[in-house]
Amino acid sequence: MALRLHDTERRTLVPFEPDDPEDVRIYACGPTIYGHAHVGNFRTFVFYDLVHRALEWLGYRVRFVMNLTDVDDKTIRAAREAGTDLPGWTEPFRESFLRDADALAMRRFDAYPKATAHVDAMIELVATLLEREMAYVAEDGSVYFDISAFPEYGRLSGRDLEEGRQGERVLADEHDKNDVRDFALWKATAPGDEEVGAAWDAPWGRGRPGWHLECSAMSMAELGPSLDLHLGGEDLIFPHHEGEIAQSEGATGCRFVGTWLHVKHLRIQDRKMSKSLGNMLTLRELLEGGESAAAVRHQLVSTHYRTELNLGAEGLAGSRGAVARLVRFALRLEEAAGVTAGEAAELHPALSGDAPEAGWGGSVEAAEGQDAGSLDADRPGGGQELGGAGPVEAAAREALPRFRAALEDDLNVSGALAALFVFVKSVNPRLDGAAPRDAAAGLAALHSMDRVLGLLEAASAAQEEGSAADGREREEEFRAWVEERIRQRTEAREARDWARADALRDELGEAGVELEDGPSGTRWTRRDG
RNA sequence: GGCGCCGUGGCCAAGUGGUAAGGCAGAGGACUGCAAAUCCUUUAUCCCCGGUUCGAAUCCGGGCGGCGCCUCCA
């Protein structure tokens, strides 16, 4: 099976067929950087990250661009109120956004163009549309796109062109438009724009670019006239993306986007997130409140992108549990393998490469509908190759095709997570006494899957950030202290002095350290993180 | 009003014709000095009614309930 995605325009699942699998071009609508991004934004952005990771894992080479909107009504108003100029206001939030993205283990995209850096390209685009008579200059020097020049307007959102036309009173501040549905490509300079530097010269007059225009111009500048994939939140379908199509195809004459993917919105505690309800939760607030980034990432990524996701305390608690289980599993594998994840990958390239093929006899079809525990020799072509593999490796070879099949089915993360946890469940009991090389196979496969999910990455990123904040020396000191306590406790236990042993465990517990006594000694982990 | 989505065990959530993946939480058990971790066992008339079919959570009709977009909010 090959990758299939749900295209908004065709309203159905379609095979993903990029023009060139070696150069897949993806554009995603990013945030307006006038404040800290909220968790709803990040539901969408973490999905972008998933697309980015999944496509590369599946073997595509990807160029992925996400814009940052730094000139619009909101940035201008905020900069004015703060008495600064546009970059003075937006730049800190650009950095804030990237920090938040890092915290969630989002992999960096190839470019984050800012609108203000591409105004020339936007002016050029408007000029082209004027030349082609698809746009007109209004009395005040604003430029509008002429809807009637693009008969296909409305095809993405599936709305009736005539709807809302009759009996519509032309609003006072839009008297320059020929048709109420025409949208602004260029807005003539308004009072206050100059103060913050939000005004540029154009042949038809001074002003600033319209919102839809930014994305058309920047995607063309970065990726060319047509894209394989364009991503955005569901609210952008109309009018934003509809406008992008009209402008882009109007100017170039060629198809703008192959497949549109739109992410459903996030709700908070069963309510829509909105300013009026006062429940605009920023990611920063959530994290500073003590929530772990890995749990947040899990929560945001674990629900299919076309299903509404409701963020709440219960769900986050569930995510914490799920992530903790994976982290412990990774630790057990590392111990049993005696190597790092990187070394494990070298030992088992077939299990750790991007999108390991089902070439070991366990085809996707064969894996589906079999129960996870049956390492059968009766599967087509499965017996012989499996002969030399240990039980952990066999489980990995079972899990990876399922994981892949789920991703290929419109990025079914729930299915992918199920494949992962079936793997965890089947490996855990076989880990005691497993051959190191075999355990390494499990470690390699686990990290391969995490290259798509990013959950272990988010957990270890948080861990590192924590110790970096503490400072290297203090961290060393702390470790030494913990290990000394553990040594003392081991002595106490050998002497069967249970009271002393328990007291030491309690003391460590208060310091946030949890102990696990295993056959190979005592392991400790930090609570959370 | 127009267009569209959804309703699966305590919570979250896969599954779109052949008698229900997975996670979290709970209960019992194994293991442990006690724990923790791990494993085993255990919890579903798939919103309701009717229809199509040998067979439906899955298709069709109706109902009830929840939600989104329809002014630059991801």
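Below, chains carry the letters A, B, ... as their sequence lines are ordered, and counting in each starts from 1.
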Q: Please determine if a side-chain N or O atom of A:N412 lies less than 4.0 Å away from the OP1 or OP2 oxygen of B:G15.
A: yes

Q: Under 4.0 Å, heavy atoms only, any strand: does A:R306 hit a base, just the sugar-phosphate, or nothing?
A: nothing

Q: Contact class for A:E514 vs. all strands (heavy atom < 4.0 Å): base, sugar-phosphate, or nothing?
A: nothing

Q: Of the candidate nucleotides B:C39, B:A35, B:A13, which contains the atom at the shortest distance from the side chain of A:D517?
A: B:A35

Q: Can you figure out which of B:C39, B:C34, B:G68 approaches the side chain of A:P429 most closely?
A: B:C39

Q: Which of the following nucleotides, B:G68, B:A36, B:G23, is nearest to the side chain of A:E516?
A: B:A36

Q: Below 3.5 Å, does any donor atom in the side chain of A:T44 face an acceptor in the base of B:A74, or the other way round?
A: yes

Q: Want to settle it: does A:H304 or A:L236 sit nearer the 5' end of RNA chain B, counting the closest nucleotide to each?
A: A:H304

Q: Please pick, from B:G33, B:C69, B:C39, the nucleotide with the shortest atom-to-atom distance to any side-chain atom of A:D502.
A: B:G33

Q: A:L266 near the nucleic acid: base, sugar-phosphate alone, or nothing, with a heavy-atom cut-off under 4.0 Å?
A: base

Q: Go through B:G4, B:C11, B:G23 for me and flag the one nearest to the A:K425 side chain.
A: B:G23

Q: Using 4.0 Å as the upper bound for N to carboxylate O, is an ion pair formed by A:R523 and A:E516?
A: yes

Q: Does the structure show a Watson-Crick or G-U wobble partner for B:A27, both distances under 3.5 Å? Name it, or say none.
A: B:U41

Q: Under 4.0 Å between a side-chain nitrogen and a carboxylate oxygen: does that hold for A:D506 and A:R489?
A: no

Q: Ignoring hydrogens and angles, are the base of B:C72 and the side chain of A:K187 linked by a donor-acceptor pair under 3.5 Å?
A: yes

Q: Under 5.5 Å centre to centre and under 30° between planes: does that hold for A:W498 and the six-membered base ring of B:G33?
A: yes

Q: Tell which nucleotide pairs with B:G61, taking only Watson-Crick or G-U wobble pairs whose two distances are both under 3.5 angstrom.
A: B:C49

Q: Tell me which one of A:L515, A:I486, A:V513 satisfies side chain to side chain contact (heavy atoms under 4.5 Å, CB included) with A:R505.
A: A:L515

Q: Choosing from B:A74, B:A14, B:C69, which nucleotide comes nearest the side chain of A:K272?
A: B:C69

Q: Which distance, rounded to the nearest 0.5 Å, do you find between the CG of A:D182 and the OG of A:S142?
A: 12.5 Å

Q: Searching all strands shown, indicate the nucleotide that pairs with B:G17 (Watson-Crick or G-U wobble; both distances under 3.5 Å).
A: none

Q: Does the ring of A:H265 meet both stacking tests against the six-membered base ring of B:A74: centre distance under 5.5 Å and plane angle under 30°?
A: yes

Q: When you measure from the side chain of A:S219 to the backbone N and O of A:S216, does any donor-acceptor pair fall under 3.5 Å?
A: yes

Q: Keeping A:R208 on the side-chain end and A:T116 on the backbone end, is there a donor-acceptor pair under 3.5 Å?
A: no

Q: Of the options B:G22, B:A14, B:A37, whose atoms approach the side-chain atoms of A:R328 most closely?
A: B:A37

Q: In terms of side-chain heavy atoms of A:K74, which of B:C72, B:A36, B:G23 is nearest?
A: B:C72

Q: From the list B:A14, B:C34, B:A74, which nucleotide is the closest neighbour of the side chain of A:F45?
A: B:A74

Q: Quick one: does A:R505 reach the base of B:A36 with a side-chain donor-acceptor pair under 3.5 Å?
A: no

Q: Whom does B:G68 pair with, Watson-Crick or G-U wobble, provided both distances fall under 3.5 Å?
A: B:C3

Q: Take A:G518 and A:L417, find for each the nucleotide of RNA chain B with the closest heavy atom, and name the residue whose nucleotide sits nearer the 5' end.
A: A:L417

Q: Taking the side chain of A:D235 as heavy atoms from C-beta outward, which of B:C73, B:A37, B:C24 is closest to it?
A: B:C73

